Amino acid sequence: MTDDIDSPGVQVWTVPLDRPPATVAALSRILSEREAERGDRCRFENDRRRFIVAHGALRLILAGCLDVPPEELRLERGRHGKPRLAGSSDLRFSLSHSGELALVAVTRHREVGVDVDRLRPGLPVEPFAERFFPAADARFVAAAAGPTERAERFLRLWTRKEAVVKAAGARLAQGLSLKVLTDAESDAESDAESESDADADVVRDPSGQIPGAWSVRDLPVPDGCLAALAVAGAVAPSISGPHSVDEL
């Protein structure tokens, strides 16, 4: 499933992170020394295993796209820690993981960012939105019917902002003020689950800190999570997937 990437398209992969010990051990053997060290710094063993699976799966996916052994891939970090392939490859990718789920987005030529996060209904999201988000975003969050919907609306905004930040290789602080919903969606009277959710919105940073246009859309993920994808350019890409890492 990794050989059909075309220039305007994006592959999205879902990676369940709670895997059998034999799978974790096999994936640990294809990580770089630096990746293994990062995994070892995880405070809890469960987090270490999930780190290994997420980064091992990323290597398998990229290796399938490039037709090279996964352990031979050389990854490096660019501006603000944005990961990339060393050398002149036109392949672009993004990895995000939260809890027991990871997402990987892969495309060619266009910068891409993906973000997934678990829903936490008990978090006091309104003060954060009021302080750091645009006024329309804060109203969108505050107008929710209750704490669960409020958390969902906040997380929908958060994952979209994070996806743009990751695609652009920017800092999170630069993305908090981005307007990532259309006027109709951010209207406090609108339904957060409107039909336009399936479409991509074009996001631009009026401050110019994050240059260019970014096509942003929500992604389907299991209940209890929200996710978003951002790709450079105003033209929404075709989406292939979600693929399962078990297809590899």
Side-chain angles (χ1 to χ4, degrees), residues 10-15 38 51 54-55 58 62 75-85 91-99 101-120 123 125 127-138 140-141 151-182 185-186 197 199-221 225-237 239:
V10 180
Q11 284 188 356
V12 177
W13 293 76
T14 61
V15 184
R38 288 179 61 200
F51 178 95
H55 289 263
L58 172 65
L62 296 178
L75 305 180
E76 61 184 19
R77 292 190 173 271
R79 191 173 65 135
H80 303 310
K82 179 178 172 63
R84 64 190 181 193
L85 286 160
L91 202 66
R92 303 290 185 266
F93 65 90
S94 181
L95 165 68
S96 179
H97 51 94
S98 181
L101 179 68
L103 294 181
V104 175
V106 186
T107 188
R108 292 194 184 276
H109 306 294
R110 300 171 67 180
E111 297 298 338
V112 63
V114 70
D115 189 64
V116 61
D117 208 342
R118 290 174 296 168
L119 186 63
R120 301 171 178 87
L123 287 182
V125 295
F128 188 96
E130 289 174 0
R131 181 175 180 182
F132 295 107
F133 286 2
D137 286 1
F140 177 73
V141 173
E152 288 174 350
R153 289 189 175 201
F154 176 87
L155 194 58
R156 184 173 180 224
L157 296 167
W158 179 270
T159 54
R160 283 178 162 230
K161 294 171 192 285
E162 274 265 38
V164 174
V165 165
K166 293 173 74 172
R171 298 190 302 271
L172 178 57
Q174 295 173 310
L176 293 178
S177 61
L178 287 175
K179 183 179 179 181
V180 291
L181 294 180
T182 65
E185 289 172 312
S186 60
D197 289 359
D199 300 327
D201 294 322
V202 178
V203 173
R204 292 180 172 88
D205 180 7
S207 74
Q209 294 185 87
I210 300 177
W214 302 89
S215 176
V216 183
R217 61 177 293 165
D218 303 320
L219 292 175
V221 285
C225 294
L226 278 84
L229 175 76
V231 182
V235 178
I239 306 295

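The chain is numbered in sequence order, starting from 1. The model shown is predicted, which means the values in this text are computed figures rather than measured ones.
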(request) Apply side chain to side chain contact (heavy atoms under 4.5 Å, CB included) to the pair His55 and Leu95, showing each step before the final yes or no. (result) CA-CA 8 Å; His55 289 263; Leu95 165 68; 3.7 Å; yes
Where do [X] and [Y] come nearest, in terms of heavy atoms and distance?
X: Arg110; Y: Thr107; answer: O-CG2, 3.2 Å
X: Phe140; Y: Arg153; answer: O-NH1, 2.7 Å
X: Ala54; Y: Ala102; answer: CB-CB, 4.2 Å
X: Trp214; Y: Ala167; answer: CZ3-CB, 3.6 Å
X: Ala138; Y: Ala129; answer: CB-O, 3.7 Å
X: Ala230; Y: Val216; answer: CB-CG2, 4.1 Å

In Å and rounded to the nearest 0.5 Å, what is the [atom1] to [atom2] distance from [X] to [Y]?
X: Leu178; Y: Ile210; atom1: CG; atom2: CD1; answer: 4.5 Å
X: Leu172; Y: Trp158; atom1: CG; atom2: CH2; answer: 4.5 Å
X: Leu229; Y: Asp218; atom1: CG; atom2: CG; answer: 10.0 Å
X: Leu226; Y: Arg160; atom1: CG; atom2: CZ; answer: 10.5 Å
X: Leu58; Y: Ser94; atom1: CG; atom2: OG; answer: 9.0 Å
X: Leu155; Y: Leu119; atom1: CG; atom2: CG; answer: 6.0 Å

Non-hydrogen side-chain atoms of [X] and [Y] separated by less than 4.5 Å:
X: His109; Y: Arg92; answer: no
X: Thr14; Y: Val221; answer: no
X: Gln174; Y: Asp205; answer: no

Can you tell me if [X] uses its side chain to pair, donor with acceptor, with the backbone of [Y] under 3.5 Å?
X: Arg118; Y: Ser98; value: no
X: Ser96; Y: Val116; value: yes
X: Lys82; Y: Lys166; value: yes

(request) Look at the rings of Phe154 and Phe133 and say which category their plane angle falls in: under 30° parallel, 30 to 60° tilted, over 60° perpendicular. (result)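 Because their plane-to-plane angle is under 30°, the rings of Phe154 and Phe133 count as parallel.
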(request) Show your reasoning for whether side chain to side chain contact (heavy atoms under 4.5 Å, CB included) applies to Leu157 and Val180. (result) CA-CA 7 Å; Leu157 296 167; Val180 291; 3.9 Å; yes
(request) Determine, step by step, whether Val141 and Phe128 satisfy the side chain to side chain contact (heavy atoms under 4.5 Å, CB included) criterion, reporting the C-alpha distance in whole Å, the side-chain angles of both residues, the deciding distance to 0.1 Å, and the verdict. (result) CA-CA 10 Å; Val141 173; Phe128 188 96; over 6 Å; no
(request) Dump the intermediate steps for side chain to side chain contact (heavy atoms under 4.5 Å, CB included) on Lys161 and Asp137, then the final yes or no. (result) CA-CA 11 Å; Lys161 294 171 192 285; Asp137 286 1; 2.8 Å; yes
